[in-house]
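Here's the structure, in structure tokens; my notes come after.
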Protein chains: 2
Amino acid sequence: MDIRSEFGQRIRELRARSGISQEMLSFRSGLDRSYLSSVERGERNISIVNIEKIAAALQVSIGYMFDGERFSATPAYQPKEFTIPFLERFKYKLDNEKKILAFSVSGLLTGNDVEYMDSILMGICSAFGKGELTLFVDHREMKALDGEPAVYSPEVAEKAVLFQRNLLRYNRRAIVLCNSEFQVQQLNHVTQESGIPSTHLFGQDKEVIGRAYQLLNINGNELIKMQTD
Amino acid sequence: MDIRSEFGQRIRELRARSGISQEMLSFRSGLDRSYLSSVERGERNISIVNIEKIAAALQVSIGYMFDGERFSATPAYQPKEFTIPFLERFKYKLDNEKKILAFSVSGLLTGNDVEYMDSILMGICSAFGKGELTLFVDHREMKALDGEPAVYSPEVAEKAVLFQRNLLRYNRRAIVLCNSEFQVQQLNHVTQESGIPSTHLFGQDKEVIGRAYQLLNINGNELIKMQTD
DNA sequence: ATGTGACTGAAAGTCCGTC
DNA sequence: CGACGGACTTTCAGTCACA
């Protein structure tokens with residue numbers, strides 16, 4: 001396949017995983033919507049300056065645009081997705097002894113969901129001193145209905161920055177288990193803006209949780225467990 | 001820095017590591033020499049089709065052009081480099097019991113050097129049957145005078161393909177320790193052409209040799225040893 | 001919300017040189 | 001070998017209206 005078509009397909013994939021329209025990507029990249037449309041269809045020999053703009057709008061490195069994992073182009077954010085209430089998809093647990101606040105999310109996140117998590121978790125944190133806690137986050141089940149990983153939509157990513165800034169007051173750092181290399185890339189951007197020292201891990205379940213336990217200097221966690229198979 | 005300058009600098013680096021001139025790169029990529037010059041100087045907003053041509057000419061993936069490790073732009077292939085005779089930079093050892101043929105090279109390689117290795121190693125192999133041996137190659141010391149890794153020049157890469165085709169008759173597969181991600185990329189191209197099933201490893205000494213021993217199902221090798229520190 | 005054809009000015013890219 | 005320039009052709013970026 002021609003590199004122009006491949007690249008176009010790639011944008012389409014990543015855009016679908018982010019749950020945004022061509023119009024939104026147009027706004028975020030500063031490129032014309034109909035121009036982006038023709039790029040996605042492989043009809044343009046796009047230049048490096050515009051490649052950079054698109055990568056920035058999708059919050060990935062340029063290299064990831066070419067060598068990264070591939071996805072389907074099915075839109076991740078579907079209305080049906082929200083039939084299961086967020087309350088049932090959001091779990092959290094405080095380990096008072098080890099000073100670890102763990103939480104996990106499955107499925108997709110809206111901006112409201114982030115604000116809800118914010119209020120709940122800040123309520124817990126407020127019982128602690130500055131930088132006393134460590135966050136342990138599990139995003140591995142943040143998947144769309146098609147079973148493929150979903151990342152934050154741009155709207156959600158912006159709320160996540162504010163959310164993380166709040167958490168930063170009580171939490172020294174964060175360890176986050178990711179659902180894809182894409183999410184690692186995106187969270188690198190988000191945490192760079194929020195300022196929270198964060199490690200984003202992606203890989204096989206066993207090795208990724210082993211690595212997280214190692215970083216946290218613990219042997220287990222009641223919420224985020226190693227699979228026993 | 002502007003993406004156009006960054007990309008230009010990147011080409012210059014990789015070209016220097018490969019030891020080829022703008023003229024040679026022009027010939028191999030099919031792009032005009034004066035055009036390549038202006039791209040390297042960051043004066044062009046190069047398009048994706050030409051980016052692909054350059055990546056192919058440098059034998060790396062497009063993603064590696066953007067996210068890969070960085071080098072100085074000092075030319076790797078200097079005349080002085082060859083003051084130490086190849087005989088002293090080429091070591092080999094046959095493990096008759098484990099059926100492993102190991103060899104290592106330090107410094108740069110010329111086309112003649114490859115032909116010399118070919119004759120020596122084929123002499124050894126001819127005592128064995130088809131696919132009876134396994135190759136274990138150490139390229140970690142293939143460095144230029146500036147101490148930075150060097151890869152095969154295109155001329156050498158072509159001879160390496162022929163060399164490997166010969167070896168393929170007696171060797172089932174090859175494990176190669178590399179000096180850089182760049183060399184991994186390049187050897188992926190070379191071995192794809194020669195057809196020899198090959199694994200190219202790059203990383204910290206301990207982990208890379210450990211991995212190699214694991215792949216070879218051995219606990220040690222007289223030529224290629226783990227550092228004891 | 002996206003696909004498409006048509007259009008223009010700007011820039012990419014080629015080919016010829018000189019230094 | 002590489003920087004740089006001039007003159008030339010081709011193509012991309014960017015924007016429409018319309019389906």
Side-chain angles (χ1 to χ4, degrees), chain A residues 2-58 72-81 153-155, chain B residues 2-5 7-58 72-81 144 153-155:
Chain A
D2 181 55
I3 183 69
R4 291 176 294 138
S5 303
E6 269 181 63
F7 185 76
Q9 193 57 35
R10 180 64 172 158
I11 295 174
R12 193 159 284 196
E13 278 174 32
L14 297 179
R15 188 170 60 75
R17 285 301 103 197
S18 317
I20 64 176
S21 63
Q22 287 183 352
E23 219 156 31
M24 189 53 157
L25 186 63
S26 159
F27 174 74
R28 291 170 56 81
S29 64
L31 297 168
D32 194 80
R33 183 194 61 76
S34 71
Y35 173 64
L36 285 175
S37 171
S38 59
V39 170
E40 286 192 359
R41 278 176 283 128
E43 290 178 356
R44 300 274 185 154
N45 182 10
I46 189 172
S47 69
I48 194 169
V49 166
N50 285 353
I51 290 173
E52 187 187 36
K53 285 178 188 168
I54 292 172
L58 292 169
S72 80
T74 315
Y77 284 72
Q78 304 281 10
K80 322 184 212 172
E81 196 71 38
S153 72
E155 175 217 14
Chain B
D2 181 54
I3 183 71
R4 292 176 296 145
S5 302
F7 185 76
Q9 193 57 34
R10 181 65 174 158
I11 295 174
R12 192 159 285 194
E13 280 173 31
L14 298 179
R15 187 170 61 76
R17 284 301 102 197
S18 317
I20 64 175
S21 64
Q22 286 183 350
E23 219 156 27
M24 188 54 156
L25 186 62
S26 161
F27 174 74
R28 290 171 56 81
S29 64
L31 297 169
D32 195 79
R33 184 188 55 74
S34 73
Y35 171 66
L36 283 175
S37 171
S38 60
V39 170
E40 286 192 0
R41 279 177 280 128
E43 289 176 1
R44 298 291 182 140
N45 182 11
I46 189 174
S47 67
I48 194 169
V49 166
N50 285 352
I51 290 172
E52 186 187 35
K53 286 179 186 166
I54 292 172
L58 292 169
S72 80
T74 315
Y77 284 72
Q78 304 281 12
K80 323 183 211 170
E81 197 70 39
S153 72
E155 174 216 14

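Quick note: numbers below take in every heavy atom, side chains included, and nothing from hydrogens, waters or symmetry partners. Residue numbering restarts at 1 for every chain, and letters A, B, ... go by the order of the sequence lines.
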Original post:
Has B/Arg41 got a side-chain N or O lying under 4.0 Å from the OP1 or OP2 atom of D/dC4?
Top reply: yes
Subject >> Rounded distance in Å - CZ (B/Arg4) to P (D/dA13) >> reply: 13 Å
Original post:
What nucleotide, of C/dT14, D/dT15, C/dT2, holds the atom closest to the side chain of A/Ser34?
Top reply: D/dT15
**OP:** Examine distances only and state if a side-chain atom of B/Ser26 and a backbone atom of B/Leu31 form a donor-acceptor pair shorter than 3.5 Å.
**Re:** yes
Subject >> Side-chain N or O of A/Asn50 closer than 4.0 Å to phosphate OP1/OP2 of D/dG14 >> reply: yes
**OP:** Measure from the side chain of A/Arg15, starting at C-beta and using heavy atoms only, and say which of D/dG2, C/dT2, D/dG14 lies closest.
**Re:** C/dT2
**OP:** Starting at atom CD of B/Glu43, determine the distance to atom C1' of C/dA11, rounded to an integer number of angstrom.
**Re:** 13 Å
Subject >> Given D/dA3, D/dA13, C/dG13, the nucleotide with the shortest approach to the side chain of B/Ile46 >> reply: C/dG13
**OP:** Output the single nucleotide from D/dG2, C/dG13, C/dT4 whose closest atom is nearest the side chain of B/Arg33.
**Re:** D/dG2
Subject >> Value rounded to 0.5 Å, distance of OG in A/Ser18 from CD in A/Glu155 >> reply: 13.5 Å
Original post:
Could you state the CD1-P distance from B/Ile48 to D/dT11, rounded to the nearest angstrom?
Top reply: 17 Å
Subject >> Interatomic distance where CZ belongs to A/Arg44 and P belongs to C/dA12 [whole Å] >> reply: 15 Å
**OP:** Please tell me which of the listed nucleotides, C/dG3, C/dG13, D/dG14, lies nearest to the side chain of A/Lys53?
**Re:** D/dG14
Subject >> Partner of A/Ser38 by side-chain hydrogen bond (donor to acceptor under 3.5 Å, both in side chains), out of A/Arg4, A/Glu43, A/Arg44 >> reply: A/Arg44
Original post:
Does A/Ser37 place a side-chain N or O at less than 4.0 Å from the phosphate oxygens OP1/OP2 of C/dG3?
Top reply: yes
Subject >> Between C1' of D/dG14 and CG of A/Asp32, the distance in whole Å >> reply: 6 Å
**OP:** Taking only the side-chain nitrogens and oxygens of A/Asn45, find out if one of them lies under 4.0 Å from OP1 or OP2 of D/dC12.
**Re:** yes
Subject >> A/Ser37 side-chain N/O to A/Arg33 backbone N/O, donor-acceptor pair under 3.5 Å >> reply: no
Original post:
Could you state the OH-P distance from B/Tyr35 to D/dG6, rounded to the nearest angstrom?
Top reply: 20 Å
